[in-house]
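Lettering follows sequence order; numbering is per chain, from 1. Keep in mind that this is a model prediction, so the values were computed, not measured.
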Amino acid sequence: SGDSAPLNEAMAVLQHHDAVSGTARQNVANDYARQLAAGWGPCEVLVSNALAMLSHEKQNFSFCRELNISICPVSQKSEHFQVTIYNPLGRKVQQMIRLPVNDGIFFVKDPNGKTVPSNVVMRPNSYSKRYQWDLLFPAFVPALGFSMYSVAKVTAATSQAYRLRARSKKSR
Amino acid sequence: SHVLFIENEYIRATFDSGTGLLMKIENMEQSLSLPVSQGFFWYNASTGDGKSSQASGAYIFRPNHLKPMPVSRWAQVHLVKTALVQEVHQNFSAWCSQVVRLYPGQRHLELEWMVGPIPVKDGWGKEVISRFDTPLKTQGEFYTDSNGREILKRRRNHRPTWRLNQTEPVAGNYYPVNTRIYISDGHTQLTVVTDRSQGGSSLQDGSLELMVHRRLLLDDGRGVQEPLMELGTGSTVLGRHLVLLSSVSDAAARHRLLAEKEILAPQVVLSQGGSSPYYYW
């Protein structure tokens, strides 16, 4: 079962103790980081449960804690994965999604199965020597809701299957 | 030798092809054009002087000079243009770089900066800022917010409720910026929306600056007993400034919606697929 109480408590401690970068001794700052990380773990379970309940589908959701520094094992190593985007705003939004990937070509499909335009763009050299590519696609998310996009890396087999599907659709 | 620019249907950002620095922003929807020079600078942190032994530290911002040093007067640039994004990658130094980015349909310019680890082998603590210089006649005034709720007018070297004897011409004019800072001449407004709380100011008319990172060598004597010297993952910071150029009458509607979207940004969760039906009962 998920639980948001540990994160609540960690946040309360941090706010009470003025836990701003640099205004505590390093070992204290490290402890704040430990409390936050420990608090976020059960929240991930809570979010997974909520998404499973809302979508009526149980999945092994993966939370990429280092997406901000472009590290995500799922998007970088998987041939196929799903992206769930939750919008906490009370109005629909369009958001450009960026995910670190290894070089290649990808098919992205929206919740209705339609292909979405996507690009793989180079990251600046100065950012990282190891991870150099980002997958980019526009996502539309409803107010206080979520959208699920599916991403497939083009391999020789998927490319051929895609071409065959496209040709058979055309002939029909 | 050619003009370097990125544009979408609303915004065009032009760069000096000689220096690689941002030169001009145009709002094509409102036919507004503003020369904007943006770059990174650093203040040399005070270690104490004849007036006071106070050193710059975690709690205290006290540069020892009025004028900051440029990180670099030019940037090595790389242009990326695809159907979904246009970017100018600027590399200022081994520890300072930036991506200026435009997506289709976007009414703001996105500046994603990466700063650190700040070198201090020269024995100087450094407080790094991003500064926007424009010809706007702002008459010593600028605006900063308090959690996006109340935007307060700030006037250089002035406090509204007492007569100020300004003893710190830089730090004494710095204010908290929780989500946005802006300057205007009454007609045109330049707004910068931040992705985190920072310190900011306008130390010259038409100029706007935000502190993005700092690394110091001395403790400021306020109880921490350690200099602000991050050695771990926090030694490099990656952040974003969202820049809006618009008419004053239109600005509030734009920066409020933009800041709201920035703070309550969509959350991304990934899965490998292969789901099974789930019923909460």
The interface call for A:Ser75 against chain B, heavy-atom contacts under 4.5 Å, is both
Is it the case that atom CH2 in A:Trp40 sees more than 12 heavy atoms from other parts of the structure closer than 6.0 Å?
yes
Check: Is the backbone of B:Leu270 close enough, under 3.5 Å, to the side chain of A:Gln82 for a donor and an acceptor to pair up by distance?
Finding: no
In short, B:Leu257 meets A:Arg91 closest at the heavy-atom pair O-NH2, 3.1 Å
Note to self: Just checking A:Asn60: does its CG atom have more than 12 heavy atoms from other residues, nucleotides or ligands closer to it than 6.0 angstrom?
What the structure shows: no
Do A:Pro124 and B:Met114 make a side-chain contact, defined as non-hydrogen atoms from C-beta onward lying under 4.5 Å apart? no
Go through it in stages, so that I can follow the logic: the residues are A:Ser62 and B:Gln272, the test is side chain to side chain donor-acceptor pair (under 3.5 Å), and I'd like the CA-CA distance, side-chain angles, deciding distance and then a yes or no.
CA-CA 8 Å; A:Ser62 171; B:Gln272 298 272 15; over 6 Å; no
Evaluate the side-chain proximity of B:Val269 to A:Phe63: yes if any heavy-atom separation is below 4.5 Å, no if none is. yes
>> Working note: A:Tyr86 + B:Val268, criterion side-chain contact (heavy atoms from CB on, under 4.5 Å); need CA distance, chi angles, decisive distance, verdict.
In response: CA-CA 7 Å; A:Tyr86 172 72; B:Val268 177; over 6 Å; no
Interatomic distance, OG1@A:Thr84 vs CD@B:Gln267, rounded to 0.5 Å, equals 12.0 Å
* Any sub-3.5 Å donor-acceptor pair from A:Asn119's side-chain atoms to B:Leu84's backbone N or O? -> yes
Interatomic distance, CG@B:Leu264 vs CG@A:Asn87, rounded to 0.5 Å, equals 8.5 Å
Any donor-acceptor N/O pair, B:Lys261 side chain to A:Gln94 backbone, under 3.5 Å
yes
Run the side-chain contact (heavy atoms from CB on, under 4.5 Å) test on B:Glu230 and A:Gln26 for me, step by step, so that the C-alpha distance in whole Å, both residues' side-chain angles and the decisive distance to 0.1 Å come before the verdict.
CA-CA 8 Å; B:Glu230 179 67 61; A:Gln26 190 60 51; 3.7 Å; yes
One should read off an interatomic distance between A:Arg123 CZ and B:Glu112 CD, to the nearest 0.5 angstrom, of 6.5 Å
When you check the gap from the basic side-chain N to the acidic O, do B:Glu87 and A:Arg98 get nearer than 4.0 Å?
yes
Taken in chain and number order and not counting sequence neighbours, the residues that satisfy side-chain hydrogen bond (donor to acceptor under 3.5 Å, both in side chains) with B:Ser235 are none
Open item on the list: For B:Lys81, is the NZ atom crowded, meaning more than 12 foreign heavy atoms sit under 6.0 Å from it?
Closed with: yes
| message | More than 12 heavy atoms of other residues, nucleotides or ligands under 6.0 Å from CE of A:Met122: yes or no? | response | yes
Hits for ring-ring contact (aromatic ring centres under 6.0 Å, His included) against B:His78, two or more places apart or cross-chain, chain-then-number order -> B:His89
If you tally heavy-atom pairs under 4.5 Å between each of A:Ile85, A:Val83, A:Leu89 and chain B, the highest tally belongs to A:Leu89
Note: A:Phe61 and B:Ser271 closest approach over all heavy atoms is CD2-CB, 4.0 Å
Chain A shares the most heavy-atom pairs under 4.5 Å, among B:Asp220, B:Val85, B:Val80, with B:Val85
In terms of heavy-atom pairs under 4.5 Å with chain B, the winner among A:Val74, A:Asn49, A:Val151, A:Val47 is A:Val74
